[in-house]
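Note sheet for the following structure.
Order of appearance sets the numbers: ligands from 1, and atoms from 1 within every ligand.
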Amino acid sequence: MIGLDKQEIIQLLKATGEERTALLTRAQEVKVKETGNKVYFRGLVEFSNICAKDCLYCGIRKGNEKVIRYDVSDDEILESCRFAWENNFASVVLQSGELSSPTFIKRVDDLLKKIKQISNGELGITLSCGEQSQETYRRWFESGAHRYLLRIESSNRELYYKIHPENEIHSFEKRIEALRSLKNTGYQVGTGVMIGLPFQTYEHLADDLLFFKKLDIDMCGMGPYIEHEDTPLYQHRHLLKTKQERFDLALNMIAVLRLLMPDINIAAATALQAIDPAGREKALAIGANVIMPNLTPTAYREEYQLYEDKPCLDEDAELCRNCLEARIHMAGSEIGYGEWGDSKHFYIRSKKQPETKG
Ligand code: 5AD
Ligand code: FES
(Lines give C-alpha, C1' and ligand atoms only; values in the text may rest on other atoms or scores of the structure.)
(Ligands and ions follow the chains in the order given, each with its own letter.)
Protein backbone atom coordinates (compact mmCIF):
# COMPACT_ATOMS: atom_id res chain seq x y z
CA MET A 1 0.00 0.00 0.00
CA ILE A 2 2.87 2.33 0.83
CA GLY A 3 3.86 2.58 -2.82
CA LEU A 4 0.59 3.92 -4.26
CA ASP A 5 1.03 5.89 -7.47
CA LYS A 6 -0.84 9.03 -8.42
CA GLN A 7 -3.54 7.32 -10.49
CA GLU A 8 -4.22 4.80 -7.73
CA ILE A 9 -4.47 7.62 -5.21
CA ILE A 10 -6.95 9.50 -7.38
CA GLN A 11 -9.08 6.35 -7.67
CA LEU A 12 -9.09 5.94 -3.90
CA LEU A 13 -9.95 9.59 -3.30
CA LYS A 14 -12.97 9.17 -5.57
CA ALA A 15 -14.07 5.93 -3.90
CA THR A 16 -17.74 5.65 -2.94
CA GLY A 17 -19.97 2.84 -1.64
CA GLU A 18 -18.32 -0.50 -0.89
CA GLU A 19 -14.99 0.57 -2.28
CA ARG A 20 -14.98 3.50 0.12
CA THR A 21 -15.97 1.35 3.09
CA ALA A 22 -13.06 -0.95 2.26
CA LEU A 23 -10.66 2.01 2.11
CA LEU A 24 -11.78 3.42 5.46
CA THR A 25 -11.68 0.02 7.16
CA ARG A 26 -8.22 -0.71 5.82
CA ALA A 27 -6.92 2.69 6.99
CA GLN A 28 -8.18 2.03 10.51
CA GLU A 29 -6.55 -1.41 10.54
CA VAL A 30 -3.23 0.06 9.41
CA LYS A 31 -3.45 2.77 12.10
CA VAL A 32 -4.11 0.30 14.91
CA LYS A 33 -1.37 -2.01 13.70
CA GLU A 34 1.23 0.75 13.30
CA THR A 35 0.40 3.26 16.03
CA GLY A 36 -2.00 1.41 18.37
CA ASN A 37 -5.56 2.35 19.28
CA LYS A 38 -4.71 5.40 21.35
CA VAL A 39 -5.81 8.94 20.69
CA TYR A 40 -3.46 11.68 21.87
CA PHE A 41 -4.67 15.02 23.19
CA ARG A 42 -2.99 18.31 22.32
CA GLY A 43 -4.52 21.20 24.23
CA LEU A 44 -4.91 24.05 21.75
CA VAL A 45 -4.33 27.63 22.88
CA GLU A 46 -5.11 30.18 20.17
CA PHE A 47 -3.18 32.86 21.95
CA SER A 48 -3.44 35.75 19.49
CA ASN A 49 -5.46 36.50 16.36
CA ILE A 50 -3.25 39.41 15.31
CA CYS A 51 -1.93 38.51 11.88
CA ALA A 52 0.27 40.19 9.29
CA LYS A 53 -1.06 38.04 6.47
CA ASP A 54 -3.99 38.26 4.13
CA CYS A 55 -4.67 34.68 3.04
CA LEU A 56 -7.80 34.79 0.93
CA TYR A 57 -9.66 32.01 2.77
CA CYS A 58 -9.02 32.93 6.37
CA GLY A 59 -11.49 34.67 8.68
CA ILE A 60 -8.77 36.33 10.77
CA ARG A 61 -6.82 37.72 7.80
CA LYS A 62 -5.33 41.14 8.35
CA GLY A 63 -7.80 42.76 5.97
CA ASN A 64 -10.87 41.60 7.91
CA GLU A 65 -11.71 44.69 9.91
CA LYS A 66 -14.71 43.07 11.57
CA VAL A 67 -12.46 40.96 13.79
CA ILE A 68 -11.62 42.35 17.23
CA ARG A 69 -7.93 41.64 17.67
CA TYR A 70 -6.73 40.07 20.90
CA ASP A 71 -3.66 38.85 22.70
CA VAL A 72 -4.34 36.39 25.49
CA SER A 73 -2.30 37.51 28.51
CA ASP A 74 0.71 35.42 29.50
CA ASP A 75 -0.98 34.52 32.78
CA GLU A 76 -4.06 33.21 31.02
CA ILE A 77 -1.93 31.22 28.57
CA LEU A 78 -0.02 29.67 31.44
CA GLU A 79 -3.30 28.92 33.21
CA SER A 80 -4.52 27.00 30.12
CA CYS A 81 -1.22 25.12 29.97
CA ARG A 82 -1.48 24.28 33.65
CA PHE A 83 -4.97 22.90 32.98
CA ALA A 84 -3.52 20.72 30.22
CA TRP A 85 -0.76 19.47 32.46
CA GLU A 86 -2.98 18.79 35.47
CA ASN A 87 -5.43 16.94 33.24
CA ASN A 88 -2.65 14.78 31.86
CA PHE A 89 -2.94 16.04 28.28
CA ALA A 90 0.87 15.87 28.18
CA SER A 91 1.07 18.30 25.27
CA VAL A 92 -0.13 21.71 24.16
CA VAL A 93 -0.24 23.55 20.84
CA LEU A 94 0.35 27.29 20.87
CA GLN A 95 -1.24 28.78 17.79
CA SER A 96 -1.49 32.38 16.63
CA GLY A 97 -1.70 34.66 13.66
CA GLU A 98 1.60 35.19 11.89
CA LEU A 99 3.88 37.93 13.21
CA SER A 100 7.63 38.15 13.04
CA SER A 101 8.48 41.25 15.07
CA PRO A 102 11.27 40.92 17.66
CA THR A 103 8.64 41.50 20.40
CA PHE A 104 6.53 38.60 19.18
CA ILE A 105 9.53 36.30 18.81
CA LYS A 106 10.69 37.11 22.32
CA ARG A 107 7.20 36.70 23.74
CA VAL A 108 6.88 33.18 22.35
CA ASP A 109 10.39 32.37 23.54
CA ASP A 110 9.60 33.53 27.08
CA LEU A 111 6.33 31.62 27.07
CA LEU A 112 8.06 28.41 26.06
CA LYS A 113 10.46 28.70 28.97
CA LYS A 114 7.68 29.49 31.43
CA ILE A 115 5.53 26.57 30.26
CA LYS A 116 8.47 24.23 30.77
CA GLN A 117 9.02 25.75 34.20
CA ILE A 118 5.45 25.38 35.47
CA SER A 119 5.25 21.77 34.29
CA ASN A 120 8.62 20.47 35.53
CA GLY A 121 9.64 20.27 31.91
CA GLU A 122 6.93 17.68 31.36
CA LEU A 123 4.48 19.38 29.03
CA GLY A 124 5.27 18.83 25.35
CA ILE A 125 4.94 21.97 23.23
CA THR A 126 3.96 22.28 19.58
CA LEU A 127 4.07 25.66 17.90
CA SER A 128 1.87 26.86 15.07
CA CYS A 129 2.96 30.46 14.49
CA GLY A 130 3.58 30.53 10.78
CA GLU A 131 6.65 31.22 8.69
CA GLN A 132 9.71 32.41 10.58
CA SER A 133 13.45 32.60 9.92
CA GLN A 134 15.61 29.56 10.59
CA GLU A 135 17.17 31.53 13.43
CA THR A 136 13.79 32.03 15.11
CA TYR A 137 12.87 28.38 14.62
CA ARG A 138 16.16 27.42 16.25
CA ARG A 139 15.66 29.82 19.16
CA TRP A 140 12.20 28.44 19.89
CA PHE A 141 13.43 24.87 19.52
CA GLU A 142 16.18 25.51 22.06
CA SER A 143 13.62 27.01 24.44
CA GLY A 144 11.53 23.85 24.43
CA ALA A 145 9.26 23.59 21.38
CA HIS A 146 9.72 20.21 19.74
CA ARG A 147 6.97 20.03 17.16
CA TYR A 148 5.83 22.59 14.61
CA LEU A 149 2.72 22.79 12.46
CA LEU A 150 2.84 24.72 9.23
CA ARG A 151 0.29 23.76 6.64
CA ILE A 152 1.33 24.10 3.01
CA GLU A 153 -2.41 24.71 2.32
CA SER A 154 -1.86 23.48 -1.26
CA SER A 155 1.31 21.98 -2.71
CA ASN A 156 0.35 23.20 -6.18
CA ARG A 157 1.93 26.58 -6.86
CA GLU A 158 -0.87 27.78 -9.11
CA LEU A 159 -3.59 26.83 -6.67
CA TYR A 160 -1.54 28.31 -3.82
CA TYR A 161 -1.74 31.69 -5.54
CA LYS A 162 -5.46 31.36 -6.11
CA ILE A 163 -5.90 31.21 -2.34
CA HIS A 164 -3.12 33.63 -1.34
CA PRO A 165 -2.20 37.04 -2.74
CA GLU A 166 0.82 36.67 -5.01
CA ASN A 167 3.40 38.84 -3.28
CA GLU A 168 6.53 38.80 -1.17
CA ILE A 169 4.82 37.99 2.14
CA HIS A 170 2.72 35.15 0.72
CA SER A 171 5.45 33.39 -1.23
CA PHE A 172 4.98 29.70 -2.05
CA GLU A 173 8.75 29.22 -2.22
CA LYS A 174 9.18 30.75 1.24
CA ARG A 175 6.58 28.39 2.64
CA ILE A 176 8.47 25.40 1.26
CA GLU A 177 11.72 26.85 2.54
CA ALA A 178 10.20 27.28 6.03
CA LEU A 179 9.16 23.62 6.07
CA ARG A 180 12.71 22.62 5.19
CA SER A 181 14.17 24.89 7.90
CA LEU A 182 11.87 23.29 10.45
CA LYS A 183 13.09 19.83 9.52
CA ASN A 184 16.72 20.92 9.55
CA THR A 185 16.28 22.44 12.99
CA GLY A 186 15.15 19.10 14.39
CA TYR A 187 11.43 19.61 14.92
CA GLN A 188 8.83 16.96 14.37
CA VAL A 189 7.17 18.64 11.43
CA GLY A 190 3.49 18.69 10.62
CA THR A 191 1.85 20.11 7.54
CA GLY A 192 -1.47 19.79 5.76
CA VAL A 193 -3.91 21.21 3.26
CA MET A 194 -7.51 22.32 3.03
CA ILE A 195 -9.77 19.97 1.16
CA GLY A 196 -12.52 21.07 -1.21
CA LEU A 197 -11.09 24.48 -2.07
CA PRO A 198 -12.48 26.29 -5.09
CA PHE A 199 -10.37 25.37 -8.16
CA GLN A 200 -8.96 22.27 -6.43
CA THR A 201 -8.97 18.99 -8.35
CA TYR A 202 -8.46 15.34 -7.36
CA GLU A 203 -5.12 15.60 -9.08
CA HIS A 204 -4.08 18.45 -6.79
CA LEU A 205 -5.08 16.43 -3.75
CA ALA A 206 -3.19 13.35 -4.93
CA ASP A 207 -0.14 15.56 -5.45
CA ASP A 208 -0.56 16.95 -1.93
CA LEU A 209 -0.38 13.44 -0.50
CA LEU A 210 2.71 12.66 -2.58
CA PHE A 211 4.23 15.96 -1.44
CA PHE A 212 3.76 14.90 2.21
CA LYS A 213 5.42 11.61 1.45
CA LYS A 214 8.34 13.24 -0.34
CA LEU A 215 8.85 15.77 2.43
CA ASP A 216 8.77 12.82 4.81
CA ILE A 217 6.54 14.61 7.32
CA ASP A 218 5.92 13.38 10.85
CA MET A 219 2.43 14.78 11.38
CA CYS A 220 -0.48 15.97 9.32
CA GLY A 221 -3.57 18.03 9.96
CA MET A 222 -6.00 18.52 7.13
CA GLY A 223 -9.66 19.33 7.05
CA PRO A 224 -12.40 20.59 4.78
CA TYR A 225 -12.27 24.15 3.49
CA ILE A 226 -15.21 26.08 4.89
CA GLU A 227 -16.13 29.35 3.29
CA HIS A 228 -16.10 32.51 5.40
CA GLU A 229 -18.30 35.41 4.39
CA ASP A 230 -15.77 38.10 5.22
CA THR A 231 -13.00 36.77 2.97
CA PRO A 232 -12.23 37.29 -0.74
CA LEU A 233 -12.47 33.56 -1.53
CA TYR A 234 -16.16 33.68 -0.61
CA GLN A 235 -16.92 35.09 -4.07
CA HIS A 236 -16.06 31.68 -5.56
CA ARG A 237 -18.44 29.71 -3.35
CA HIS A 238 -20.55 28.67 -6.36
CA LEU A 239 -17.59 26.47 -7.38
CA LEU A 240 -17.61 24.50 -4.13
CA LYS A 241 -18.67 20.93 -3.59
CA THR A 242 -21.41 20.57 -0.98
CA LYS A 243 -20.20 20.56 2.61
CA GLN A 244 -21.05 16.87 2.90
CA GLU A 245 -18.97 16.11 -0.19
CA ARG A 246 -16.04 18.07 1.21
CA PHE A 247 -16.40 16.21 4.48
CA ASP A 248 -16.45 12.80 2.79
CA LEU A 249 -13.46 13.74 0.65
CA ALA A 250 -11.55 14.88 3.76
CA LEU A 251 -12.09 11.45 5.32
CA ASN A 252 -10.90 9.76 2.12
CA MET A 253 -7.78 11.97 2.19
CA ILE A 254 -7.03 10.97 5.78
CA ALA A 255 -7.53 7.29 5.00
CA VAL A 256 -5.29 7.34 1.92
CA LEU A 257 -2.60 9.23 3.83
CA ARG A 258 -2.71 6.58 6.54
CA LEU A 259 -2.04 3.94 3.88
CA LEU A 260 0.77 5.99 2.36
CA MET A 261 2.43 6.94 5.65
CA PRO A 262 1.37 4.31 8.19
CA ASP A 263 3.36 5.53 11.20
CA ILE A 264 2.81 9.31 11.22
CA ASN A 265 0.48 11.22 13.53
CA ILE A 266 -2.69 12.42 11.82
CA ALA A 267 -4.94 14.97 13.54
CA ALA A 268 -8.72 14.92 13.39
CA ALA A 269 -9.12 18.56 12.29
CA THR A 270 -11.59 20.76 14.12
CA ALA A 271 -13.03 21.94 10.78
CA LEU A 272 -14.54 18.46 10.35
CA GLN A 273 -16.78 19.21 13.30
CA ALA A 274 -18.00 22.44 11.70
CA ILE A 275 -19.74 20.23 9.13
CA ASP A 276 -20.66 17.13 11.14
CA PRO A 277 -21.11 17.22 14.95
CA ALA A 278 -19.33 13.84 15.15
CA GLY A 279 -16.79 14.79 12.49
CA ARG A 280 -13.65 14.47 14.56
CA GLU A 281 -14.64 11.10 16.00
CA LYS A 282 -15.39 9.87 12.51
CA ALA A 283 -11.83 10.80 11.50
CA LEU A 284 -10.45 8.99 14.56
CA ALA A 285 -12.29 5.88 13.44
CA ILE A 286 -10.67 5.82 9.98
CA GLY A 287 -7.01 6.64 10.48
CA ALA A 288 -6.51 9.79 12.58
CA ASN A 289 -4.91 9.44 16.04
CA VAL A 290 -4.57 12.98 17.44
CA ILE A 291 -7.18 15.48 18.57
CA MET A 292 -6.78 19.05 19.73
CA PRO A 293 -9.23 20.01 22.49
CA ASN A 294 -9.63 23.77 22.56
CA LEU A 295 -8.13 25.39 25.67
CA THR A 296 -8.36 28.98 24.47
CA PRO A 297 -10.06 30.99 27.23
CA THR A 298 -13.74 31.17 26.22
CA ALA A 299 -13.84 34.97 26.13
CA TYR A 300 -11.55 35.03 23.07
CA ARG A 301 -12.92 32.15 21.02
CA GLU A 302 -15.48 34.20 19.15
CA GLU A 303 -12.65 36.19 17.57
CA TYR A 304 -10.68 33.17 16.33
CA GLN A 305 -13.11 32.12 13.67
CA LEU A 306 -10.96 30.99 10.79
CA TYR A 307 -14.12 29.63 9.17
CA GLU A 308 -17.86 29.64 9.78
CA ASP A 309 -19.56 27.33 12.31
CA LYS A 310 -16.36 26.70 14.27
CA PRO A 311 -17.39 24.41 17.14
CA CYS A 312 -16.98 24.79 20.91
CA LEU A 313 -17.23 28.58 21.04
CA ASP A 314 -19.03 28.55 24.39
CA GLU A 315 -17.58 25.47 26.01
CA ASP A 316 -14.76 25.92 28.47
CA ALA A 317 -11.73 23.64 28.74
CA GLU A 318 -13.32 21.37 31.35
CA LEU A 319 -16.45 20.87 29.27
CA CYS A 320 -14.48 20.16 26.12
CA ARG A 321 -12.35 17.62 27.93
CA ASN A 322 -15.36 15.76 29.31
CA CYS A 323 -17.18 15.97 26.02
CA LEU A 324 -14.26 14.65 24.00
CA GLU A 325 -13.46 11.93 26.49
CA ALA A 326 -17.01 10.60 26.26
CA ARG A 327 -17.02 10.82 22.48
CA ILE A 328 -13.70 9.03 22.11
CA HIS A 329 -14.70 6.24 24.44
CA MET A 330 -17.92 5.86 22.54
CA ALA A 331 -15.91 5.61 19.34
CA GLY A 332 -14.02 2.68 20.89
CA SER A 333 -10.60 4.30 21.35
CA GLU A 334 -8.45 4.88 24.38
CA ILE A 335 -6.94 8.26 25.31
CA GLY A 336 -3.17 8.35 25.71
CA TYR A 337 -3.28 10.38 28.93
CA GLY A 338 0.11 11.39 30.27
CA GLU A 339 1.94 10.40 27.09
CA TRP A 340 3.50 12.77 24.60
CA GLY A 341 2.35 10.46 21.81
CA ASP A 342 5.13 11.57 19.49
CA SER A 343 5.12 10.56 15.88
CA LYS A 344 6.64 7.10 15.63
CA HIS A 345 7.78 8.09 12.17
CA PHE A 346 10.00 10.83 13.60
CA TYR A 347 11.94 8.38 15.74
CA ILE A 348 12.41 5.99 12.91
CA ARG A 349 13.64 8.66 10.51
CA SER A 350 15.87 10.42 13.05
CA LYS A 351 17.02 7.22 14.75
CA LYS A 352 16.45 8.88 18.12
CA GLN A 353 15.03 7.16 21.14
CA PRO A 354 11.47 8.18 22.02
CA GLU A 355 11.10 10.07 25.28
CA THR A 356 8.49 8.36 27.42
CA LYS A 357 7.48 11.68 28.85
CA GLY A 358 9.03 15.10 28.91
N1 5AD B 1 -11.61 26.70 6.18
C2 5AD B 1 -10.92 25.67 6.66
N3 5AD B 1 -9.72 25.76 7.23
C4 5AD B 1 -9.19 27.00 7.33
N5 5AD B 1 -8.02 27.42 7.84
C6 5AD B 1 -7.96 28.76 7.71
N7 5AD B 1 -9.08 29.21 7.12
C8 5AD B 1 -9.86 28.14 6.87
C9 5AD B 1 -11.12 27.95 6.25
N10 5AD B 1 -11.81 28.99 5.77
C11 5AD B 1 -6.99 26.51 8.32
C12 5AD B 1 -5.69 26.72 7.53
C13 5AD B 1 -4.68 27.06 8.59
C14 5AD B 1 -5.29 26.47 9.83
C15 5AD B 1 -4.81 27.06 11.11
O16 5AD B 1 -6.67 26.73 9.66
O17 5AD B 1 -5.34 25.51 6.87
O18 5AD B 1 -3.39 26.53 8.34
FE1 FES C 1 -15.72 21.15 22.94
FE2 FES C 1 -17.25 18.90 22.77
S3 FES C 1 -15.20 19.19 22.29
S4 FES C 1 -17.73 20.81 23.65
Side-chain angles (χ1 to χ4, degrees), residues 42 44-64 66-67 93-99 126-132 147-156 159-160 162-165 170 172 174-176 178-179 182 189-200 204-205 208 211-212 217 219-237 239-243 245-247 249-250 253-254 266-276 279-280 283 290 292 294 296 301 303-312:
R42 317 278 186 236
L44 175 65
V45 188
E46 298 151 333
F47 70 92
S48 171
N49 66 356
I50 305 172
C51 191
K53 284 200 158 173
D54 249 330
C55 306
L56 304 178
Y57 46 84
C58 181
I60 65 164
R61 64 199 300 272
K62 184 177 180 214
N64 185 4
K66 290 191 188 164
V67 174
V93 179
L94 297 187
Q95 189 176 83
S96 68
E98 188 175 308
L99 292 178
T126 306
L127 287 177
S128 178
C129 303
E131 288 166 33
Q132 305 288 342
R147 309 186 187 113
Y148 205 101
L149 304 176
L150 181 67
R151 287 191 181 176
I152 184 75
E153 314 296 358
S154 168
S155 66
N156 179 280
L159 180 56
Y160 190 89
K162 283 201 155 62
I163 62 171
H164 298 95
H170 297 86
F172 178 69
K174 281 198 184 146
R175 177 68 59 118
I176 303 255
L179 283 165
L182 287 165
V189 177
T191 189
V193 294
M194 285 174 288
I195 298 155
L197 287 160
F199 313 108
Q200 191 180 45
H204 289 142
L205 290 169
D208 290 336
F211 170 85
F212 301 157
I217 59 169
M219 316 178 288
C220 185
M222 52 185 176
Y225 163 68
I226 298 167
E227 61 276 30
H228 189 302
E229 197 181 356
D230 302 317
T231 61
L233 214 55
Y234 195 68
Q235 65 184 297
H236 299 300
R237 64 191 178 283
L239 297 174
L240 298 174
K241 294 180 190 300
T242 64
K243 283 191 176 166
E245 286 166 342
R246 279 175 261 162
F247 180 87
L249 186 52
M253 279 287 281
I254 291 175
I266 304 180
T270 310
L272 290 163
Q273 200 176 324
I275 297 182
D276 180 333
R280 289 189 284 180
V290 165
M292 293 158 59
N294 198 336
T296 309
R301 290 194 195 180
E303 300 303 330
Y304 205 86
Q305 291 201 59
L306 307 172
Y307 42 82
E308 292 170 0
D309 303 323
K310 196 161 170 262
C312 304

> Got the closest protein heavy atom to atom 4 (C) of ligand 1, with its distance?
Replying inline: Met194 SD, 3.4 Å

> Among all protein non-hydrogen atoms, which one is nearest to atom 16 (O) of ligand 1, and what is the separation to 0.1 Å?
Replying inline: Leu306 CD1, 3.4 Å

> Can you name the ring-ring contact (aromatic ring centres under 6.0 Å, His included) partners of Tyr307, sequence neighbours left out?
Replying inline: none

> Do you see a donor-acceptor pair shorter than 3.5 Å between the side chains of Tyr225 and Gln200?
Replying inline: no

> Roughly how far, to the nearest 0.5 Å, is the CD atom of Glu46 from the CG atom of Asn294?
Replying inline: 4.5 Å

>> Heavy-atom distances under 4.0 Å decide this one: backbone, side chain, both or neither, for Gln95 against ligand 1?
In response: side chain

> Between Tyr57 and His164, how do the two ring planes meet: parallel, tilted or perpendicular, split at 30° and 60°?
Replying inline: perpendicular

>> One residue to check: Arg151. Relative to ligand 1, which of side chain, backbone, both or neither has a non-hydrogen atom less than 4.0 Å away?
In response: side chain

> Under a 4.0 Å heavy-atom limit, does Cys55 contact ligand 1 with its side chain, its backbone, both, or neither?
Replying inline: neither

>> For the 3.5 Å polar cut-off, considering only N or O atoms, please tell me whether Tyr57 and ligand 1 meet it.
In response: yes

>> Under a 4.0 Å threshold between the charged nitrogen and the carboxylate oxygen, would Lys53 count as salt-bridged to Glu98?
In response: yes

> Residues two or more places apart in sequence or in another chain: which of them pass side-chain contact (heavy atoms from CB on, under 4.5 Å) with Ala269?
Replying inline: Arg151

> If you count the atoms of ligand 1 from 1 in the order shown, which ones are under 4.0 Å from a heavy atom of Glu153?
Replying inline: 12 (C), 13 (C), 17 (O), 18 (O)

>> Does any N or O of ligand 1 fall below 3.5 Å from an N or O anywhere on Cys58, backbone included?
In response: no

>> I need the atoms of ligand 1 closer than 4.0 Å to a non-hydrogen atom of Tyr307, numbered in the order shown.
In response: 1 (N), 2 (C), 3 (N), 4 (C), 8 (C), 9 (C), 10 (N)

